Amino acid sequence: MPREADISANEREFIQQALRENIRLDGRPFDSFRSLELSFGDEYGVADVQLGKTRVIARISAEVTAPFPDRKFDGIFNISTEFSPMASPAFEVGRPTDAEVILSRILEKAIRRGGALDTESLCIIAGTKCFSLRADVHIVDHDGGLIDASCIAVVAALQHFRRPDVAVEGENATIFSIREREPIPLSMLHHPICVTFSYCDSGEIMLVDANLAEEQVREGEVVITMNKHGEVCQIAKYGGTSVDALTLLNCTNVALEKVKDITKFIQSKLEQDAKKRDVGGLMAELSAENAR
Amino acid sequence: MVPSSHFNHIRDNTDLKLELKIPELNSQFARNSHNIPPYAQNKPPKPPNLALKISMAAKTTEAPSLSFPRDIFAALSPSPFLLAHLSPQTPSTPSIRPNGRAPSEFRKPTIHRGSLTHCSGSAVVRLGDTAVVCGVRGEILLAADIPNPPSAPPQPAATDASDADADDEDDSAELSQLSLLVPNIELATGSTPTHLPGSPPSTLAQSLTARLRALLLSTRLIRARDLRILHRAPPPPDAAATPDVPPTEEAKAYWTLYIDTLFISLDGNAFDAAWAAVVVALRDTRLPRAWWDDDVEAILCSDVPAEARALRLRGLPVAASFAVFAPGGGVGDSAFRDGQEERAWVLSDPDAFEEALCPEVVTVTVDCTGGERRVRRIEKSGGSTVGRELMKGVVQRAEERWKDWLEVFGVGNS
Amino acid sequence: MSSKAVLSHLHRADGSATYSQNGYTIIGAVNGPVDVQRRDELPEEAAIEVNVRPAVGVGGPRERHLESLIQATLRHLILVRSYPRTLIQVTLQVRSLPEEESAGIGSVLTNSSLTLLPHLLNTAFLALLSASIPLSTTLTSAFVVITSSGKLLYSPSSTDILRAQSIRSIHVFAFSAQRSLLLSEGEGEFDVEEWEDACDLAEDRCCRNAGIAGENMDVDGEVMNLADFLRDVVKEKVVKEQKWKTAP
Amino acid sequence: MATAQTIVLPGDKISLSALPTSPNPNKPLTLGPGLRHIPPSTITTTIAGALVVDTRKNATWVEYNSGRYTPSPSDLVIATVHSSLTEAYNCTLTPHTPYATLPQLAFESATRKTRPILAPNSLVYARILSCTPYTAPELTCVDPSTGKAGGLGPLKGGMVFEISLGMARRLMLGGAKGSVVLLEALAEKVAFEVAVGRNGVLWVHGGEGAQGIKITLAVGRAVQEADEKCLGVKDQRKVVEKALKGL
Amino acid sequence: MTDRRRINAPSGGTSTPIFARTVKDPDSLHTLRPTRARQPDELRKIFLKTGLTPSASGSAYLEIPPADPPTTPSPPASLIPPRSSLKLACAVHGPKPLPRSAPFSPHLILTTTVKFAPFAARARRGYIRDASERDLGVHLETALRGVVIGERWPKSGVEVVVTVLEAEEDVWWGDEFTAGLGRTGGWGLMTVLAGCVTVASAAIADAGIDCVDLVSGGVAAIVRNPDAKGKGRSEGEAETKTEGPYTVLDPCPAEHQEIVAGCVVGYLPGRDEITALWMKGEAGEFAEQVVDRAVQASIATMTVLKEAVKEAAELKFQGSAGGDKGIKSLGVSNDVEMVG
């Protein structure tokens, strides 16, 4: 079975020593992210995130379906993360690795159940018609920090996405294609962002945004999902060794800082993109909506 | 300090290595260890004179020591075996395939329709040792259940539905968007030792299914109007029975055609057989008269056979497949020898044995109804032998083949 | 035609390329030769595995069919015999489609899987170049449309297609450096002559203008053919790789 | 060494004029990576890159710097021990490729008693003895002629850095030829050990302690930077300056 | 849920057509109810042929057409088929060596699968394997295990695959519209199983796998027709025994208003052994009788089975004498014409 080749003993030893000397391989301080890049495609709802050498593309798509019978007034929203061998030969098509399972679970908790998206706004006609939103997360390049990168990608893509406009009269709705009517941004309740802390020496050392090598030597990880208002949406701790509660508390503080920065970053990128698209003031009101 | 021992000068000469081809013997071993069937097939051996010819041929192509009985030879080194058959011993003798056919010879198809009780239309098609059963079953899709109906509601042509003007209407988009055609191919019926039930559809099965669907749509074989169940309130007794309908009518529901194709036996050229089966089954299909009933609030059908309608198919496309046998193996390695291009044979309607040896395959779908010869689809991949010139010949063969099928289909009633 | 290509931009894959044309953008990655699982091990050849990943979802029969087409074509290019009992893994991720296509506007022909095929093929080949997998020749693939008025359009953008009121047939061709026809997929309604014309047009755009062996004659984007495009891409690659030689 | 240079794509025929013409006729023409000979007299390229012709060696090959490392005899490689068999170690040269075997007696003056015990995931600097498409590459840590280790053997401590195959080759060429000066430049100021594996691995050991770690990282990153940016000699010196400042 | 490996039905979902008269005047349906026109101990015609799947090492095809012919030749009175027929195709692969991973086995390992075609019944079936298919597979396996001489094939396995192209029905289709008496379904499966046993036995013989004897399947059932004098009864011998319950061989559930109990056996006439027995319903004191009748049924089937196998042997012999594959396949294709 192809699986990630584990790193040599020398590397493991060296990295741990270095960390004890407060040195990270790429010279970053413990609590800083790698360089973050975010770009949008020509289409709505495609976010291309680069976190160091890690690269993730999230794509939002919408179609009209019938809502679940038990949730008549809600639209449908799904996140699909399927790894391809592109990111690493260790990924086999149709056979999820643990990393993949954890990733999808976290995103599920952080974004879907975290209620980032107002699913009721996706309902068209109660019980019969609603939008089914789908987020496809494509891992293009894998150098650690998949969770954080993917979360950023999805949240950014959701903010960037526009769904087709609809007009409802009575029992039948008409869906307007993009050329017919200006599409509409999604209504989001908040923007959760994941920050992953990798710990060594049972929490003595807490690393923000570990790269693949560091991930391979860490004892475990703590994933904290927050929005810029400091509301924790989700906390997950993997790895057996126990971590001091205060350290965790401290992590949340660090996380909040990061979340604020990242949210701001995404916002600015969105505005740039809006400007780029805003030709002839056609989408003036759109970008206005966009900004708030 | 840098221990110089850790460096070493570049070693061009060791860097430089001539590529040499793996000796045939070597590959012999590989084959030996790999695909001799542990249990000999009980296939009837050829008449002796032919067998003799093989062993002669064997001497020319194989190491002289080898003189096997026919079936072992075939199993041990299939490619030379096929080559031995095809390369004529004397210029006069034509080349003959192991299955006794000439390179351009197809297998004679046999078909039967309507053998399945629970289908609107069905067919059994046999192509040599390849046998297919296809059942078409119509089910009803209520327009109300379509979450996102196509933006432009289909307006049936107001005038009489003579095939002529109905032909122009490009309705295949409607079919595909509503996915009114649901073709599926099932190989996992024990049709071959490699396709046993319980396993999900193999790549081959999926690929065939995809081709089938694409061809159904691109040939626009089926008219969307045949599948619409129109309604005008209040429904006059003869609603929808007569094809001429004012545009005020709306499609209340659609017939969805489930086209399930099961392989009973597979000995090469799956697609031709499957496609033929589908076409025959569709030609055999009779959909009962259906209408929207306001009292029951549902679509009802009449069980009077006389009222049932056949599908008015557009034309009669026929698929013909070919495999290209290039002794070099057709694999990149041996391709592109400068000057002399390698010998190759285009084998019509290949069987399983030949398919295994021919990476390059061509499928041409033609329709010669009404005299004009039209190509409906060309599929060619896996090699570089068939270029423009050869393709012409291939298309011609396909057109010949079309006539064969026409006979089997039973001419005229199209 | 405005083809763009970036090579070797992914860190994990052995070779990678992003190819974009007419609103299609495809990311290709190649790993290999690597370990092969016993069940698909070939005694004398490298097995080739192709994964086509649509922009949305993980695809179905249609993608599997594209994969087998691409696989068959690559198998003919790659010198598979030099790496027996190994695996060469090609992954093609559709990054973006022309708006019209993703919206599913237009006739069935223009929405058929064929429109995607040439881009996938070109991307796959570029990725193989980047992975330095030994190949017997080059591959260039192009897309030709015949309108009902019998007009030939070379790799039209989806808007062109919409403008050309109705399409009679569409064709995909792939050629080797030696101008031999590696792949031809065409559907719709046409006759051999039309097919040949389409073939000629595609070949003219795919292959180097015969005779001229020069690096690349100065041509504006319009006339420039795919073969020269490839050469330029490679030139870029080499220049980048060997900057140190020239740099002070 | 390289005289002429032309861009080639797979399948290009090398015109006889382009081939090197050696003064003495009995010196055979040697074809390097990326070229193949199709009898009778065709030579075509198989890999995209720059065609290099060396008239002196009467050799020609295609130069490229991308793709996965493919083992070839007498390459020096840094291998990772994966597991231990009774007679030999299974080693990986690059991830997800078939194991290379390293006989347990293929070390300097190793006997049944004295053979080194290598734990899984430990590193060895070894030379490839043999490899064919059909067999796993065999490694050795002794020079077959002398029986001495000649610098080969287990690598203790230190850190490995990924570098491009091209960079690995250049480092092997050493100093002027490969026009990589930074190792020497650094070595003038600080002491460290390096080993270069043709499989695109650079092992650096800058001694123990915090300083050692700093040195190791400085060296490693300097090389990586020079590699990624394809720096010429001048810029390399700049990089060295920067690196040394950091220490 | 969608199957990513197949073409899926419209997301809206489709329904089988509803025929007007089933809603409008259900009572008229009785006229369509088929009746048993043959003697209680008379079987329906069985068509059995081997060698239908040349790509397999052994194969056979079994068909039981609806008892009385009116449906087929002249255009039927209604689009609603009065009753189903039974169509089974069986392919045998092997014996072939077990995969390397498999543990050592001193004898032949028999794998049996029964798969329904999507169009096997009135209601369309999905492709996903369901419980009844698994049951049938197990029953079939038990019926065959004792028959094959496994010791002769150590370390090998054989695959027996039965594809149900068309299945016997559990009840008369009309009963779901007319107030049908509440009844336990699954009667049809018995006929299917019996067919599977017979066809598999023929296929195994065709594959040339050593067996102690041919095994054939037979079904018998205790039936009752409460409203015997009811409409749609064609007078005939059936008239005589209207007071149920009485036992019949090879019951066609559609023909009987109520089936009290049923029994399938796999039977080896040569050694008078029962390899498999499956009984349902409240047979009460008749239990033994039903089994005996089932055995009778299988004996009757056996004659057909023997015929088919002999025929096949002869064909093969000719084949090997001097024909080639071409001729053989032609011979086979002739068989199919009868299938149609």
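Labels below follow one simple rule: chain letters A, B, ... track the order of the sequence lines, proteins then strands, and each chain is numbered from 1. Worth saying up front: this structure is predicted, and the values here are computed from it rather than measured.
Both the backbone and the side chain of B:I140 come within less than 4.5 Å of a heavy atom of chain E. Neither the backbone nor the side chain of B:T203 comes within contact range of chain E; no heavy atom of the residue lies under 4.5 Å from a heavy atom of that chain. Contact annotation for B:L212: neither backbone nor side-chain heavy atoms come within less than 4.5 Å of a heavy atom of chain E. Contacts between B:V304 and chain E at a heavy-atom distance below 4.5 Å involve the backbone alone (N, CA, C, O). Looking at B:P288, the atoms closer than 4.5 Å to chain E (heavy atoms on both sides) sit in the backbone and in the side chain alike. Both the backbone and the side chain of B:L141 come within contact range of chain E, judged by heavy atoms closer than 4.5 Å. Only the backbone of B:S302 has a heavy atom closer than 4.5 Å to any heavy atom of chain E. Heavy atoms closer than 4.5 Å to chain B are found in the side chain of E:T113, but not in its backbone.
A donor-acceptor pair under 3.5 Å links the side-chain atoms of B:D284 to the main chain of B:S122, judged by distance alone. For B:H195 (side chain) and B:S202 (main-chain N/O), no donor-acceptor pair under 3.5 Å exists by modelled atom type. No donor-acceptor distance shorter than 3.5 angstrom exists from the side chain of B:S120 to the backbone of B:T285, with no hydrogens or angles considered. Proximity of a side-chain donor or acceptor of B:T192 to a complementary backbone N or O of B:L266 within less than 3.5 Å is not detected. No donor-acceptor pair closer than 3.5 Å links the side chain of B:D293 to the backbone N or O of B:A298. Side-chain atoms of E:D206 come within 3.5 Å of backbone atoms of E:S59 as a donor-acceptor pair (strictly under, hydrogens ignored). Judged by distance alone, the side chain of B:N184 and the main-chain N or O of E:I7 form a donor-acceptor pair under 3.5 Å. Not one N or O on the side chain of E:S156 forms a donor-acceptor pair closer than 3.5 Å with the backbone of E:P95.
Among the candidates B:T209, B:L142, B:I299, B:D145, the residue making the largest number of heavy-atom pairs closer than 4.5 Å to chain E is B:D145. Per-residue heavy-atom pair counts under 4.5 Å with chain E were compared for B:G138, B:S265, B:A306, and the maximum is reached by B:S265. Counting heavy-atom pairs closer than 4.5 Å to chain B, the top residue among E:V92, E:T111, E:V161 is E:V161. Ranking B:A131, B:P200, B:A205 against chain E, the residue ahead of the rest is B:P200, based on heavy-atom pairs under 4.5 Å. The candidate from B:R213, B:R107, B:H118 with the greatest count of non-hydrogen atom pairs under 4.5 Å with chain E is B:H118.
No donor-acceptor contact under 3.5 angstrom links the side chains of B:Y254 and E:T14, judged on distance only.
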